[in-house]
Amino acid sequence: MRVFSPFPFLPRAPYPWLEMLTTQKATSAPKLLTLVRSAAQVHHYSPRTEEAYVGWVRRFVRYHGLRHPSALGPREVRDFLTTLAHREQLSASSQTQALSALLFLYREVLGRDLNEIGTIIRAKQPTRLPVVLSHEEVRALLARLHGSPRLVCALLYGSGLRLLEALALRVKDLDLNRGEILVRRAKGARDRVTMVPTALRSDLDAQLDKCRQLHRRDLAQGGGGAPLPNAFERKSPQAAREWAWQYVFPANRRYQAPGGDFRRHHLHESVVQRAVRRAVAEAGIAKRATCHSLRHSFATHLLQDGYDIRTVQELLGHRDVATTMIYTHVLNKGGKGVRSPMDRL
């Protein structure tokens, strides 16, 4: 497979800064991590992917006694990954993420390929069925939530959103007249459209009114800005203070941006996660239910209602229908809807 350079205007090998990098001592980890961050940003990786890759590179360097990765090779990478699976018993997904991070480090930062990495002892990936709540359990859960956490969770169940997709929703992407939500740069950097539940339109309308009043107060106090994606702020510096770019679920506190102005980010996901944990305990739900369980329940209940699996796939934003097929297993039915012989007695 052809590997593309993160800087196409520079020669593939060596990079102009590679010679400088290889002459650094092993203690220059901050410089290496800065290069990893820069390469991840050039590839437009999400902030969470960037942080995960930096974490795995740091862990790899520490595992080998702070030796610089340029002095290490496939054997050291294989030893590190095998240790993760065999001794530390990390999950298969974590081991795969570590491998992706190290491949990215060597290909896009150090300009080397690890094709000769050889056989790696991989952790086995268990097939886990998602936690799905019944209609009664969802109703009991939502009844014990209040304020913004309740409305966020209602969107997770009513629209099939992920938690951060709901929290990062901006005013311009919520169309109550058409009953649509435009999810920007979802998982895999793809946009998708899902529906607004009719039962939530009045609640969302009230939430927008509350946000508008908060935005007006922020503007009166010299703030009123929201963080903008990528380089859009340089292109349109006044857009941060526009109503359309504000978050539907703003944070309670403002923060001071590097330029000195006060801005308001979206509500932190831990606020909703803590509220859900309390509600699950209060409702007596004997399942390991989380915010994501509401998205699983959304897909399962749609299939139970007879909707086509392709429709559910589009609403969830899955790239492959095989990912959506997991919910047919939750239903205990395949293509023909198997009925237990016990039910005939």
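Below, each value reflects all heavy atoms present in this structure, side chains not excepted, and no hydrogens, waters or symmetry copies. These numbers come from a predicted model, not from an experiment.
- Between the side chain of R264 and the backbone N or O of A251, at least one donor-acceptor pair lies under 3.5 Å.
- Side chain of E180 to main chain of T194: no donor-acceptor pair is present (N/O by atom type, distance under 3.5 Å, no hydrogens or angles).
- The backbone N or O of R178 lies less than 3.5 Å from a partner atom in the side chain of D175, making a donor-acceptor pair.
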Carefully, step by step, assess Y157 and F298 under the rule ring pair (Phe, Tyr, Trp, His ring centres under 6.0 Å). CA-CA 5 Å; Y157 176 68; F298 163 83; 7.4 Å; no
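- S297 and T300 form no side-chain donor-acceptor contact under 3.5 Å, judged by distance and modelled atom types alone.
- The aromatic rings of H296 and Y327 sit tilted relative to each other, their planes meeting at an angle between 30° and 60°.
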What do the steps show when you test Y63 against W56 for ring pair (Phe, Tyr, Trp, His ring centres under 6.0 Å), and what is the final call? CA-CA 10 Å; Y63 176 80; W56 284 118; over 10 Å; no
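- R278 contributes atom CZ, which lies 7.5 Å from atom CD of E282 (distance to the nearest 0.5 angstrom).
- Judged purely by atom type and a 3.5 angstrom limit, E76 uses its side chain to pair as donor or acceptor with the backbone of G73.
- Between R295 and L161, the closest side-chain pair of non-hydrogen atoms is not below 4.5 Å.
- Clustering ILVMFWY residues whenever any of their side-chain heavy atoms sit less than 4.5 angstrom apart, transitively, puts V36 in the very cluster that holds L66.
- Annotation: side chain of L163 is in contact with side chain of Q273 (closest heavy-atom distance under 4.5 Å).
- Connection of L167 to L182 is not established within any shared hydrophobic cluster, with ILVMFWY side chains joined at heavy-atom distances below 4.5 Å, either directly or through further cluster members.
- Linking Ile, Leu, Val, Met, Phe, Trp and Tyr residues whenever their side-chain heavy atoms come within less than 4.5 Å places L200 and L267 in a single cluster.
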Apply side-chain contact (heavy atoms from CB on, under 4.5 Å) to residues H43 and E108 and explain how you reach the verdict. CA-CA 10 Å; H43 284 269; E108 308 301 338; 3.6 Å; yes
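- Cation-pi geometry between R170 and Y247 is satisfied (NZ or CZ under 6.0 Å from the ring centre, within 45° of the ring normal).
- Listed for the S293 side chain is a donor-acceptor partner under 3.5 Å among the backbone atoms of T290.
- By the side chain to side chain donor-acceptor pair (under 3.5 Å) test, K287 is found to be paired with E137, residues two or more places apart in sequence or in another chain being considered.
- Taking every heavy atom of both residues into account, V272 and C153 meet most closely at CG1-SG, 3.8 Å.
- Under the 4.5 Å side-chain heavy-atom criterion for Ile, Leu, Val, Met, Phe, Trp and Tyr, L214 and V171 are members of distinct hydrophobic clusters.
- Inter-residue side-chain proximity for R310 and V321 is flagged as met; some heavy-atom pair is nearer than 4.5 Å.
- In terms of heavy-atom proximity, F249 sits nearest to Q207 at CD2-NE2, 3.8 Å.
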Using the rule given for side chain to side chain donor-acceptor pair (under 3.5 Å), can you reason through S270 versus H268, listing the C-alpha separation, both sets of side-chain angles and the distance that settles it, and then say yes or no? CA-CA 5 Å; S270 62; H268 197 270; 2.8 Å; yes
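- A donor and an acceptor atom, one from each side chain of H68 and S70, are located under 3.5 Å apart.
- For the pair L141 and L294, the minimum side-chain heavy-atom distance is below 4.5 Å.
- Counted within 6.0 Å of CZ on R59, heavy atoms from surrounding residues, nucleotides or ligands total more than 12; the atom is thus considered enclosed.
- Other residues, nucleotides and ligands place no more than 12 heavy atoms under 6.0 Å from the OH atom of Y307.
- Transitive grouping of hydrophobic side chains (ILVMFWY, heavy atoms separated by less than 4.5 Å) keeps V276 and V131 in distinct clusters.
- Put simply, the side chain of H215 gets close to the backbone of R241: a donor and an acceptor are under 3.5 Å apart.
- Side-chain polar atoms of S94 and S91 form a donor-acceptor pair below 3.5 angstrom.
- V57 approaches A101 most closely through the heavy-atom pair CG2-O, 4.5 Å.
- Minimum heavy-atom separation, L155 to P197: CD2-CD, 4.4 Å.
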Worked check of side-chain contact (heavy atoms from CB on, under 4.5 Å) between E269 and L164: CA-CA 7 Å; E269 57 266 32; L164 276 179; 3.6 Å; yes
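- Atoms OG and CG, on S159 and L169 in that order, are 9.0 Å from each other to the nearest 0.5 Å.
- Y106 places none of its side-chain heavy atoms less than 4.5 Å from the side chain of D113.
- Counted within 6.0 Å of CE on M325, heavy atoms from surrounding residues, nucleotides or ligands total 12 or fewer; the atom is thus considered open.
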Mind running side chain to side chain donor-acceptor pair (under 3.5 Å) on T49 and S46 for me, showing each step along the way? CA-CA 5 Å; T49 301; S46 69; 2.9 Å; yes
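- Counting heavy atoms from C-beta outward, V183 and I181 have side chains that approach closer than 4.5 Å.
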side-chain contact (heavy atoms from CB on, under 4.5 Å) between R112 and R107: does it pass, once the steps are laid out? CA-CA 5 Å; R112 292 171 52 187; R107 290 176 180 173; over 6 Å; no
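- No side-chain heavy atom of L72 sits less than 4.5 Å from a side-chain heavy atom of V61.
- Between A168 and H266 the shortest heavy-atom distance is CA-CD2, 4.0 Å.
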Go through the steps for V77 and F60 under the test side-chain contact (heavy atoms from CB on, under 4.5 Å), then give the verdict. CA-CA 8 Å; V77 173; F60 175 67; 3.8 Å; yes
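- Side-chain contact between F262 and D218: absent, with no pair of heavy atoms (C-beta onward) separated by less than 4.5 Å.
- A salt bridge is absent between R185 and D191: the closest approach of a Lys/Arg side-chain nitrogen to an acidic carboxylate oxygen does not fall below 4.0 angstrom.
- In this structure, H318 NE2 and I326 CD1 are separated by 10.0 Å, a value rounded to the nearest 0.5 Å.
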For a salt bridge (Lys or Arg N to Asp or Glu O under 4.0 Å) check, start with the C-alpha distance between E165 and K187, then their side-chain angles and the critical distance, and finish with the verdict. CA-CA 9 Å; E165 291 173 351; K187 189 174 182 180; over 6 Å; no
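- Rounded to the nearest 0.5 angstrom, L105 CG and L35 CG are separated by 9.5 Å.
- Taking all atoms of both residues into account, the shortest heavy-atom contact from R192 to R162 is NH1-NH1, 3.7 Å.
- Counted within 6.0 Å of CG on N252, heavy atoms from surrounding residues, nucleotides or ligands total 12 or fewer; the atom is thus considered open.
- The CZ atom of R62 lies 11.5 Å from the CZ atom of F80; values are rounded to the nearest 0.5 Å.
- Between E314 and R190 no salt bridge is recorded (no basic side-chain N to carboxylate O distance below 4.0 Å).
- Distance check: L90 CG to Q95 CD gives 8.0 Å after rounding to the nearest 0.5 Å.
- Ring planes of Y45 and F104: tilted class, angle from 30 to 60°.
- The environment of CZ in R201 is crowded: more than 12 heavy-atom neighbours from other residues, nucleotides or ligands sit within 6.0 Å.
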